[in-house]
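Reviewing the structure listed below.
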Amino acid sequence: MFETLLLLAQEGGNSTPGGPPGILGNPLILLPAIFVLFYFLMIRPMRRQEQQRQALIANTKKGDKVITHAGIIGTVVAIADKEDEITLKVDDNVRLKMLKSSIARNVTQEEAAKEQKGQAEAKA
């Protein structure tokens, strides 16, 4: 796609032979258009995803069942705010200290959201 835009810019984008260049022939207009397109296709979705991730970490509380990026499934036993650490109970006598940022999914919140959606559909 980018190569096509460059070819149009190099050709001058003439609408008629020998006539004034078209709108795509002016690189001063083409370059900001590419930046706007890049923003909406790349930067904005990444920001939204990061905000959702921060909300997931902030809303995690004691007793939630979570899955980490390493695939470890456990229940949150303790949260240390100032150290950015959580303690997961994996088995009866197995507890792991991990960073909050290692949480990939909060299963408890996902199940609660599914229940609310099901109840809303049942009422409708």
Does Arg53 CZ have over 12 foreign heavy atoms under 6.0 Å away?
yes
Linking Ile, Leu, Val, Met, Phe, Trp and Tyr by side-chain heavy atoms under 4.5 Å, what else ends up with Val77?
none
Apart from Ile73 itself, what residues make up its hydrophobic cluster, given side-chain heavy atom links below 4.5 Å?
Ile67, Val107
Using residues 55-66 as the side-chain source, report each donor-acceptor pair under 3.5 Å to any protein atom, sequence neighbours left out, with the distance given to one decimal.
residue : atom : partner : partner atom : Å
Asn59   : ND2  : Ala55   : O            : 3.1
Thr60   : OG1  : Leu56   : O            : 2.7
Asp64   : OD2  : Lys61   : N            : 3.0
Asp64   : OD2  : Asn106  : ND2          : 3.0

Output side-chain donor-acceptor pairs under 3.5 Å for residues 111-124, partner residues at least two apart or in another chain, one line each.
none

Just distance, no hydrogens or angles: give the donor-acceptor pairs under 3.5 Å from side chains in residues 27-47, sequence neighbours left out.
none

Between side-chain atoms of residues 84-99 and protein atoms elsewhere (two or more places apart, or another chain), which donor-acceptor pairs fall under 3.5 Å?
none

